[in-house]
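For reference, the structure is listed below as structure tokens.
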Amino acid sequence: MKIFKNIPELQKLLEQLKNSGNITIGFVPTMGALHEGHLKLITKSKTISKITVCSIFVNPTQFNNKEDLEKYPRVLDSDIEKLESVACDILFCPDVEDIYPDGQDLKEKYDLLGLDKKWEGEFRPGHFDGVVQVVKRLLDIVKPDYLVMGQKDFQQFTIISILLKKINSSIKLIIEPTMREKSGLAMSSRNERLTNKEKETATILYKTLEFAKNNFKKISIKNIEKHCIDEIENSGMKVEYFKIVSEDNLEPVFTSHEKQEKSVAIVAAWMGKIRLIDNMILN
Ligand code: AMP
């Protein structure tokens, strides 16, 4: 695996590769502390493109919580080993100054159809501005054919798909299903900050999502949501939202008529000082 911190050097190699023939590039942006979920994205990228680039960059502009940014796990050496174990071709791990040479202020603002203001956007103001800012910057640097992201961050990939349309990009967005622990807990870099006991408790998120899926056609949406929120709160976690929404526009689904639409249950909850999110497609 070739490792680059420096943007011109990375771009020089990517240009050479592109000029050498029919090369397609798959790109997997991450913030590191890699787990099997990330590695599955790399493996997927390798099946659809000739060259796979992974980036590791803890993007300061998408954190609205200073402590979360400071405590975000940074374990580059073990990340490199993991990426080599799945034969990732290129790792790009720039510094903040490389990504934001002119400072971190937002320079471009996109109309994201209000999706950036809902759910995660409501509880983490400015989060999606930062996500869009860094993804756009990384795409401009790497210029991939495929962008591979996880279903784990449902709202994130929905917003990025809007961004790609807004900028008339030909990059194809590929979504991989969420990788879970045997317990059902969605893999997340933030899980590293949980104790074993907390990880066990946090499986309530998966259990309630399963409940929502199994009862989607049987119980009213209001009652599903109430039951799931109660269960999560009873476990000791603090719920920010548990909502059944339309997959396309993330608007709440209210009536059984709308159950025909593609719906997804989305949840965000705190385990102590750690905020976890998860989701499940219901139909
Ligand atoms: P992150 O490093 O958390 O910013 O995530 C980088 C990419 O990995 C994003 O596209 C995430 O949606 C994806 N990802 C994170 N966790 C998982 C998981 N458990 N399964 C599949 N993809 C994931």
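In each ligand, atom 1 is the first atom listed, and ligand 1 is the first ligand listed. Heavy-atom basis, side chains included; hydrogens, waters and symmetry copies ignored. What you see is a predicted model, and the numbers here were worked out from it, not measured in a lab.
- For ligand 1, the atoms sitting less than 4.0 Å from at least one non-hydrogen atom of Thr178 are 19 (N), 20 (N), 21 (C), numbered in the order shown with element in parentheses.
- Each of the following atoms of ligand 1 lies closer than 4.0 Å to a heavy atom of Met149: 10 (O).
- Here the protein heavy atom with the shortest distance to atom 23 (C) of ligand 1 is Lys152 CB, 4.0 Å.
- Close to ligand 1: Pro177, with a non-hydrogen atom less than 4.0 angstrom away.
- The heavy atom nearest to atom 1 (P) of ligand 1, considering only Met179, His35, His38, is found in His38.
- Heavy-atom contacts of Met187 reach the following atoms of ligand 1: 16 (N), 17 (C), 18 (C), 19 (N) (cutoff under 4.0 Å).
- Counting non-hydrogen atoms of neighbouring residues, nucleotides and ligands closer than 6.0 angstrom, the NZ atom of Lys109 exceeds 12 such neighbours.
- For ligand 1, the atoms closer than 4.0 angstrom to any heavy atom of Pro29 are 6 (C), 7 (C).
- Residue, atom and distance of the protein heavy atom nearest to atom 12 (O) of ligand 1 are Asp153 OD2, 2.6 Å.
- Backbone and side-chain nitrogen or oxygen atoms of Gly150 are examined, and one is located within less than 3.5 angstrom of a nitrogen or oxygen of ligand 1.
- Residues Thr24 and Ile48 are not in side-chain contact: their nearest non-hydrogen atoms beyond the backbone lie 4.5 Å or more apart.
- Between Lys238 and Glu233 a salt bridge is recorded (basic side-chain N to carboxylate O distance below 4.0 Å).
- An N or O contact shorter than 3.5 Å is missing between Leu41 and ligand 1 by distance.
- If you run side chain to side chain donor-acceptor pair (under 3.5 Å) between Glu120 and each of Gln155, His127, Arg275, Gln156, only Arg275 comes through.
- Residue-environment remark: NZ (Lys172) stays at or below the threshold of 12 foreign heavy atoms within 6.0 Å.
- By the 3.5 Å distance cut-off applied to N or O atoms, Met31 is counted among the residues near ligand 1.
- The minimum heavy-atom distance linking Ile224 with Ile219 is given by the pair CD1-O, 3.7 Å.
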